[in-house]
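Here's the structure we're looking at; comments come further down.
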Amino acid sequence: MLLTIDCGNTNTAFAIWDGSIFVANWRCATQHQRTADEYYTWLRTLMNLNNIDVAITDVIISSTVPRVVFNLRVLCDRYFSTRPYVVGKPETKLPVGVRVDAGTQVGPDRLVNTVAGFGRHGGDLIIVDFGTATTFDVADTDGAYIGGVIAPGVNLSLEALHMAAAALPHVDITQPQRVVGTNTVACMQSGVFWGYVGLIKEITARIRAERDRPMKVIATGGLAPLFQQAEDLFDTYEDDLTMHGLTVIHSYNKENP
Ligand SMILES: Nc1ncnc2c1ncn2[C@@H]1O[C@H](COP(=O)(O)OP(=O)(O)O)[C@@H](O)[C@H]1O
Ligand SMILES: CC(C)(COP(=O)(O)O)[C@@H](O)C(=O)NCCC(=O)O
Ligand SMILES: [K+]
């Protein structure tokens, strides 16, 4: 069975793929200090709790935090006796091209999203991923990753206000009833929520204008539905997009060793 690991700057998601469906998925906070033994006891406990008794034979990792990869590699070696595919490393091939400035290290999550989006929808895509940062990944007609946009994440934006201004509290994102807030929390939520709706609209419109062709907009990440419920911003929402992309890249590498 395949273990897929999507390590973001905030959370690390693990999922088990049986070849046709994900039989389980779990998340933990991303911490580069976490050891292979800690990962394994945590995974083993969750597998036992969910009565999942399978042997992990293959692992594929996408990590936007380079430091965590070392301990994840140790996990694979010590407990699963396998060498993981790590997206972004030369030995892990991609089924799509990457056309960016020479020397640019594209975030592996963005490459994985592009592969997944192209596999499901074909080319000419804008993929919006709500993570620590909000990324817009642009796939060309042939599926190649050709760049995109990086914006501060929703929670990061709220956290930045709290960190930088003595009188602004820690606030969770929600859709405010009105634009004009009548208390501090409502004002902050309005700024970030409606500001974000504007950001998404403006960036997707400008990408479409720059590319001068119709482009489908796919959203992923837990906060996407919150924005979609307020305005029709995306063509589809696919929560499993990154994990799906990892399974596609794994198959591609197995078939093209
Ligand atoms: N369904 C959700 N509702 C509210 N907040 C969420 C949801 N999903 C993720 N978040 C928050 O969004 C931020 C980004 O999380 P995540 O997608 O795990 O980022 P990353 O992939 O960069 O680690 C975190 O602060 C997380 O707590
Ligand atoms: C933009 C990101 C920080 C997003 O990461 P995430 O929010 O998923 O943790 C990550 O994709 C990254 O570190 N990218 C490297 C630079 C680039 O993609 O061009
Ligand atoms: K991500």
Side-chain angles (χ1 to χ4, degrees), residues 4-15 25-32 34 39 60-69 72 86-89 92 94 96-117 125-139 144-163 169-176 185 188-189 192-193 196-197 199-200 203 207 218-230 234 237-246 249:
T4 55
I5 307 177
D6 168 23
C7 175
N9 282 285
T10 305
N11 292 305
T12 303
F14 294 74
N25 64 84
W26 302 294
R27 291 160 85 80
C28 64
T30 298
Q31 278 178 352
H32 70 85
R34 201 182 295 263
Y39 283 119
I60 183 162
I61 301 168
S62 161
S63 180
T64 59
V65 187
R67 288 177 81 179
V68 300
V69 176
L72 290 172
V86 179
V87 178
K89 297 287 170 202
T92 305
L94 293 178
V96 299
V98 180
R99 293 196 282 270
V100 293
D101 297 349
T104 299
Q105 285 287 327
V106 180
D109 53 332
R110 309 179 71 188
L111 300 174
V112 177
N113 286 344
T114 304
V115 169
L125 303 176
I126 302 169
I127 300 158
V128 191
D129 188 338
F130 291 83
T132 308
T134 297
T135 49
F136 294 71
D137 314 317
V138 179
Y145 171 86
I146 53 166
V149 173
I150 300 173
V154 176
N155 287 312
L156 192 60
S157 306
L158 281 166
E159 205 50 32
L161 286 175
H162 169 57
M163 298 289 278
H170 171 83
V171 170
D172 288 325
I173 191 69
T174 179
Q175 179 179 340
V185 168
M188 291 170 69
Q189 285 170 333
V192 174
F193 186 88
Y196 236 80
V197 169
L199 178 145
I200 296 161
I203 289 177
I207 292 173
I218 302 166
T220 191
L223 289 173
L226 182 70
F227 294 98
Q228 182 71 357
Q229 79 186 20
F234 317 117
Y237 168 66
E238 295 174 12
D239 193 27
D240 67 343
L241 193 73
T242 312
M243 284 304 187
H244 171 70
L246 286 172
I249 296 171

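Indexing begins at 1, ligand by ligand and atom by atom, following the structure's order. Residue numbers count from 1 along this sequence.
Taking only non-hydrogen atoms, the option from Asn11, Asp109, Asp6 nearest to atom 8 (O) of ligand 2 is Asp109. Compare Thr12, Asp129, Thr135, Thr242 by their heavy atoms: the one nearest to atom 2 (C) of ligand 2 is in Thr135. Comparing Gly8, Gly222, Gly131, Ala29 against atom 14 (C) of ligand 1, the shortest heavy-atom distance belongs to Gly131.
Residue Gln229 places its CD atom among more than 12 non-hydrogen atoms of other residues, nucleotides or ligands, all under 6.0 Å distant.
In Gln105, the part holding a heavy atom less than 4.0 Å from any atom of ligand 2 is the backbone. Counting heavy atoms under 4.0 Å from ligand 2, residue Thr132 touches it through both backbone and side chain. Proximity of Asn155 to ligand 1, defined as any heavy-atom pair under 4.0 Å, is confined to the side chain (atoms from C-beta onward).
A 4.5 Å side-chain heavy-atom check between Leu94 and Thr92 finds every atom pair outside the cut-off. Residues Thr30 and Thr10 fail the side-chain proximity criterion, which asks for heavy atoms closer than 4.5 Å. Met243 is listed as a side-chain neighbour of Asp6, based on a closest heavy-atom distance under 4.5 Å.
Against a heavy-atom cut-off of under 4.0 Å, Gly8 is close to the following atoms of ligand 2: 9 (O). Within ligand 1, the atoms closer than 4.0 Å to a non-hydrogen atom of Arg27 are 16 (P), 17 (O), 18 (O), numbered from 1 in the order shown. Short contacts between ligand 1 and Phe130, defined as distances under 4.0 Å to a heavy atom of the residue, involve ligand atoms 17 (O). For ligand 1, the atoms closer than 4.0 angstrom to any heavy atom of Thr132 are 14 (C), 19 (O), 20 (P), 22 (O), 23 (O).
Note: an N/O pair closer than 3.5 Å links Asn9 and ligand 2 by distance alone. Checking only distances, Gly131 never comes within under 3.5 Å of ligand 2, N or O to N or O. Annotation: Thr64 places an N or O atom under 3.5 Å from an N or O atom of ligand 2; distance criterion only. Close N/O approach between Ile150 and ligand 2 is not found [any backbone or side-chain N/O within under 3.5 Å].
Put simply, the residue from Ile200, Thr135, Leu226 that forms a side-chain contact (heavy atoms from CB on, under 4.5 Å) with Phe130 is Ile200.
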List the steps and the verdict of side chain to side chain contact (heavy atoms under 4.5 Å, CB included) for Leu241 and Asp129. CA-CA 9 Å; Leu241 193 73; Asp129 188 338; over 6 Å; no
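Listed for the Ser63 side chain is a donor-acceptor partner under 3.5 Å among the backbone atoms of Val65.
To the nearest 0.5 Å, atoms CG (Asn25) and CG (Asp240) are separated by 9.5 Å. The structure places CG of Asn9 at 4.5 Å from OG1 of Thr132, a figure rounded to the nearest 0.5 Å. Note that CD1 of Ile5 is 10.5 Å distant from OG of Ser62, once rounded to the nearest 0.5 Å.
Assignment of Leu223 to the shell around ligand 1 is supported, since a heavy atom sits closer than 4.0 Å.
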